Amino acid sequence: MRKSLLWITILIISISMVTVFSLAGCKGEEAAEEEAAEEEAAEEMALSGQLEIFSWWTAGGEGEGKEALFEIYREKYPDVEIIDATVAGGAGMNAQAVLATRMSAGDPPDTFQVHAGHELIDTYGVADLLEPVNFIFEEEGWFDFYPDDMISILSSGDDILSVPVNIHRSNVLWYNKAVFEANSITVPTTFDEFFAAADTLQAAGITPLALGDTGIWTAVHVFENVLLGTLGPADYIGLFDGSVAWDSAKVKDAIQTFVDMLDYVNSDHSALAWDEAAQYVIDGTAAMTIMGDWAEGFFKSKGLTPDVEFGYEPAPGTSGSFMALSDTFCLPKNVKDRENTIAWLKICGSKEGQDAFNPLKGSIPARTDPDLSLYDVYLQGAIADFGSNSITPSIAHGAAVSQTWSQAINDIMTLLVSDKDVEAAAVAFQAAADENL
Ligand code: GAL
């Protein structure tokens, strides 16, 4: 009896001590947290001056996404004036030339949009133009929220050179649901089904496939999807390490299929931009367009709802693959407003920033901890597919090839769209690979 009383007394004393210590611990933690929050608030208030953010986000969806990031920045740093330096033109077709001139004149913007992968590393990493941002990843605890594969496409050796804000999917066929229903068409998942649907639509006086290749990248965009759909993910990836030839029979097959598709596009394609082509799908003058999921942001910015007015499907033959690219922002060396830029990059890479930006942009977060409830049905599907599909890098958006190689591909494409010479294109693609591999 005495013994058990003694144990009970010891137990009670221990519990109270634990409680006292943990309460003290809590108080200590609370005080530390409060102090950190105060410090952060003081830092936020302390920033002033300007911040020049260079991008090509001017269209519907991408413009709204960018504004959402600006909004967060302005709230945190009311004394910093954001200079929104945009050069219109999808995929950076005009912005990249302006940027190159500024960089070589030693006049970098405080930060600029750049695609993860070869565009980032081969153009800016190799030339040593960027300050590594490893310290931001460490300070913000981001190593727990960014997968190694993501870090590796941002890095040159051990140096992380940019902060990702999203992941886009390029291999999506978008379609007008009412037009499909009115013409009793089911969504094509193979090239045969695509051409059958295209014939039906054309006979009904509707443009089957909307294209706006005033910037030739959109034709390359469709072509990279046809390549993937024809070769499959493993051989597609082989195109970039020399194990699959660009003048092989299967690539010629893909070029032919692409050329055949051109018979079904709008006659004014060379006068339009990607978003003007997407508008044709909204208007119902065209039924489909093959575009990255920034088109989802565009459709939503025009008041449309996924699965209601517009549908989506992996581009023909590409189900099970996720053609990926990522928009990032970097810290050029010797910028005018380094601290303001670091504050911007912290927002770009944060959960708060990505969950505000991506639902509007039509992209998925590069982080692993999104609040899924903020993402619509299309984006939730894309997040799931990204986790389970074969990931392949986009050619048209800087992931798979350097800017020099990409320029060569664009030039070949400009010729191909007008002369439709499959053999000549295959030879030229192989020559470009030989020069750049
Ligand atoms: C891509 C970019 C996207 C989107 C698109 C059209 O290259 O990664 O974010 O903006 O161009 O402008």
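First listed ligand is number 1; within each ligand, the first listed atom is number 1. Quick caveat, the model's predicted, so the values are computed rather than measured.
Of the N and O atoms on the side chains of Q50 and D337, not one donor lies less than 3.5 Å from an acceptor on the other residue.
Remark: D84 engages K66 in a salt bridge (Lys or Arg N to Asp or Glu O under 4.0 Å) (not counting sequence neighbours). Judged as a ring-ring contact (aromatic ring centres under 6.0 Å, His included), and not counting sequence neighbours, F135 has no contacts. Residues meeting the side-chain hydrogen bond (donor to acceptor under 3.5 Å, both in side chains) test with D253, sequence neighbours left out: none.
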List, for ligand 1, each N/O atom that has a protein N/O partner under 3.5 Å away, with both atom names and the distance.
residue	atom	partner	partner atom	Å
ligand 1	7 (O)	H115	NE2	2.9
ligand 1	7 (O)	H397	ND1	2.7
ligand 1	8 (O)	H115	NE2	2.8
ligand 1	8 (O)	D327	OD1	2.6
ligand 1	8 (O)	D327	OD2	3.3
ligand 1	9 (O)	W57	NE1	3.1
ligand 1	9 (O)	D327	OD1	3.4
ligand 1	9 (O)	D327	OD2	2.6
ligand 1	9 (O)	K361	NZ	2.6
ligand 1	10 (O)	W57	NE1	3.0
ligand 1	10 (O)	E62	OE1	2.6
ligand 1	10 (O)	K361	NZ	3.4
ligand 1	11 (O)	W56	NE1	3.3
ligand 1	11 (O)	A91	N	3.1
ligand 1	12 (O)	W56	NE1	3.4
ligand 1	12 (O)	E62	OE1	2.9

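A salt bridge between R338 and E131 is present, with a side-chain N of the basic residue lying under 4.0 Å from a carboxylate O of the acidic one. E309 and K177 are not joined by a salt bridge, as no carboxylate oxygen comes within less than 4.0 angstrom of a charged side-chain nitrogen.
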